[in-house]
There are 2 protein chains.
Amino acid sequence: MALGKNYDGQDCSLARTLELVGERWTMLVIRDALYGVRRYGDFLAHLDIPRAVLSQRLVTLVEAGVLERRRYQDSPPRDEYVPTAMGRELWLPVLALGQWGERHLSRRGARRVFSHVDCGGRIDATATCTGCGAEHLPPDQVEVRPGPGLEDDRDDPVSVALREPHRLLDPLP
Amino acid sequence: MALGKNYDGQDCSLARTLELVGERWTMLVIRDALYGVRRYGDFLAHLDIPRAVLSQRLVTLVEAGVLERRRYQDSPPRDEYVPTAMGRELWLPVLALGQWGERHLSRRGARRVFSHVDCGGRIDATATCTGCGAEHLPPDQVEVRPGPGLEDDRDDPVSVALREPHRLLDPLP
DNA sequence: TACCACGGTTCAGTGAATGAACTAGGGTGG
DNA sequence: CCACCCTAGTTCATTCACTGAACCGTGGTA
């Protein structure tokens, strides 16, 4: 972080977190990784993000331990990016931020509906199942599907795959 | 948002939220407002933020309905910034992000400890009281105090006031 | 061999953030 | 009356972050 003023003067954990995830595009990369996106090209197409930014963000997240880089083929060499346990725990802030937006910034209904894999109940902003009451649901216990407010006009592979219900963390597309 | 590429291609609530709160410094301004900081000079001193950035962020947050600008004196004219109901609901993402940082990015103990005003129990990352089980605690039911990991080397008025337990949303310093 | 797909890298140009200085409207004290 | 102080901004040249467009390297395929 090279800007003249960084958050060093802030001895607080929020600032530490924001130094890592607060740069433009980073939270959306993390969100996509939690949905199950793994490959550079899929992040690129789904997020419509500049290539250099995506490369740099992935490097940063791997170095920080949020994502893990894994070889999925040797010829030619190809890596994918998988959330670590540390990265999976960012699900809660991602959910809280997204639900705030659903509640306050959405003029149509919910764009994405998150439900509990085991009982089908809706998930609230604290990752609690409103159906059965299960709390602290990790991402692999959550299914995402389109809500009534989602405009379905994207045709990249990830957007197409997310037209169907999809369990978080399962590879996409 | 004038960068060549914005988040318009992302029909998702997380992107809508990040367009508002994702700019550099904004989440820290909101965090301070939730702690109870009200005045331009106090945000300025506590955050050590460039003046022009603070002015612009406050304007944006007022226009978006997250903060409300209120006259606190007429001669000379002086306004303060108070979280709206919409702004107070950002407490949950702020807490979730901060707690993630406490858990994964802190080499010493907790910098800030959040507890339930009514029973004194600790608050977890979902705004649930670990003492009595009360859920969805709003900020005005939460008290913040320094934790064992906080370096107490700041001497601006807000930092000094936060050396004592402080109920969120109560004006600071 | 030419073309394609993939996962990057490079770089000039544009926009955001920054430090430093300045402004306006009061209030206070000598 | 004037000088100084405080507060809440505003201005602007400079630096840094992001971007579009082009390019690169390593394979695989027809």
Side-chain angles (χ1 to χ4, degrees), chain A residues 1-10 15 18-29 32-33 37-62 67 69-82 156-158 173, chain B residues 1-10 15 18-29 32-33 37-62 67 69-82 156-158 173:
Chain A
M1 184 177 287
L3 287 176
K5 203 158 261 183
N6 55 30
Y7 294 155
D8 274 355
Q10 302 293 317
L18 292 172
E19 278 173 346
L20 176 56
V21 308
E23 285 180 306
R24 189 167 159 78
W25 293 109
T26 305
M27 287 296 293
L28 290 171
V29 171
D32 267 13
V37 181
R38 296 281 177 271
R39 298 184 181 182
Y40 182 94
D42 293 324
F43 285 108
L44 193 72
H46 187 235
L47 294 173
D48 194 29
I49 179 176
R51 286 173 175 273
V53 172
L54 178 58
S55 297
Q56 195 265 327
R57 296 295 185 275
L58 290 171
V59 166
T60 298
L61 291 171
V62 168
L67 299 180
R69 190 171 179 157
R70 288 188 190 156
R71 184 60 42 101
Y72 72 86
Q73 106 181 7
D74 280 317
S75 222
R78 292 281 182 262
D79 293 339
E80 61 184 8
Y81 298 87
V82 181
D156 63 279
V158 173
Chain B
M1 184 176 287
L3 289 176
K5 201 160 261 177
N6 55 30
Y7 295 155
D8 274 354
Q10 301 293 318
L18 291 172
E19 278 173 346
L20 176 55
V21 307
E23 285 181 306
R24 188 166 160 80
W25 294 108
T26 305
M27 287 297 290
L28 290 170
V29 171
D32 267 14
V37 181
R38 295 281 176 269
R39 299 183 183 183
Y40 181 95
D42 293 324
F43 285 109
L44 192 72
H46 186 234
L47 294 173
D48 194 27
I49 178 175
R51 288 173 173 274
V53 172
L54 178 59
S55 296
Q56 195 265 324
R57 297 292 186 276
L58 290 171
V59 167
T60 298
L61 292 171
V62 168
L67 298 181
R69 188 171 180 156
R70 287 188 192 157
R71 185 60 44 99
Y72 72 85
Q73 106 181 5
D74 280 317
S75 220
R78 292 280 182 266
D79 294 339
E80 60 184 6
Y81 299 87
V82 182
D156 62 278
V158 173

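Chain naming here is simple, since letters A, B, ... match the order of the sequence lines and numbering starts at 1 in each. Model, not experiment: these values are computed from the prediction.
- For the pair B:Gln73 CD and C:dG25 P, the interatomic distance rounds to 15 Å; values are reported in whole Å.
- For the helix from C:dT1-D:dA30 to C:dG30-D:dC1, the terminal axes (five pairs an end, C1' atoms, rotation from four pairs onto the next four) enclose an angle of 10°, given to 10 degrees.
- B:Ile49 places its CD1 atom 15 Å from the P atom of D:dA8, with the value rounded to the nearest Å.
- Rounded to an integer number of Å, the gap from CZ of A:Arg38 to P of C:dC6 is 18 Å.
- Both B:Val53 and B:Pro76 sit near DNA chain C, but only B:Val53 has its closest nucleotide nearer the 5' end.
- The cationic atom of A:Arg39 (NZ for Lys, CZ for Arg) lies less than 6.0 Å from the six-membered ring centre of A:Tyr72 and within 45° of the ring axis.
- The base of C:dC6 lies close enough to the side chain of A:Arg78 for a donor and an acceptor atom to sit less than 3.5 Å apart.
- In this structure, the nucleotide among C:dT18, C:dA5, D:dG27 sitting nearest to the side chain of B:Trp25 is C:dT18.
- Following rounding to the nearest Å, B:Phe43 (CZ) and D:dT7 (P) show an atom-to-atom distance of 15 Å.
- Proximity of A:Ile49 to A:Phe43: side-chain heavy atoms (C-beta onward) are nowhere separated by under 4.5 Å.
- If you measure from atom CZ of A:Arg57 to atom C1' of C:dG7, you get 18 Å, rounded to the nearest angstrom.
- Note that CZ of A:Arg38 and CG of A:Leu67 are 9.0 Å apart. Values are rounded to the nearest 0.5 Å.
- Just one residue in the list A:Val53, A:Leu54, A:Val37 forms a side-chain contact (heavy atoms from CB on, under 4.5 Å) with A:Leu44, and that residue is A:Leu54.
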Check: protein-nucleotides 9-12 of chain D nitrogen or oxygen pairs below 3.5 Å:
unit_1, atom_1, unit_2, atom_2, d
D:dG9, OP1, B:Arg69, NH2, 2.7
D:dG9, OP2, B:Tyr81, OH, 2.8
D:dG9, N7, B:Arg51, NH1, 2.7

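- Nucleotide C:dA17 holds its C1' atom 13 Å from the CD atom of A:Glu23, rounded to whole Å.
- An OP1 or OP2 oxygen of C:dG27 is reached within less than 4.0 angstrom by a side-chain nitrogen or oxygen of B:Ser75.
- Here the straight-line distance linking atom CE of B:Met27 with atom CG of B:Leu18 works out to 9.0 Å at 0.5 Å rounding.
- When every heavy atom of A:Asp42 is checked against every heavy atom of A:Pro173, the shortest pair comes out as OD2-CD, 3.2 Å.
- Under a 3.5 Å cut-off, the side chain of A:Tyr40 and the backbone N or O of A:Arg51 do form a donor-acceptor pair.
- The side chain of A:Tyr72 lies closest to C:dC6 when the candidates are C:dC6, C:dG27, D:dG27.
- Toward the 5' end of DNA chain D, the nearer of the two residues A:Pro77 and A:Pro50, judged by each one's closest nucleotide, is A:Pro50.
- The CZ-P distance, from B:Arg24 to D:dT15, rounds to 17 Å in whole Å.
- A donor-acceptor pair under 3.5 Å links the side-chain atoms of A:Thr60 to the main chain of A:Gln56, judged by distance alone.
- The nearest pair of heavy atoms linking A:Leu28 to A:Leu47 is CB-CD2, 3.8 Å.
- When rounded to the nearest whole Å, the span between CG of A:Leu44 and C1' of D:dT19 equals 13 Å.
- Along DNA chain D, the nucleotide closest to B:Arg39 and the one closest to A:Asp74 are compared, and the more 5′ of them pairs with B:Arg39.
- Looking at A:Arg69 and A:Tyr81, their side chains come closer than 4.5 Å, going by heavy atoms from C-beta outward.
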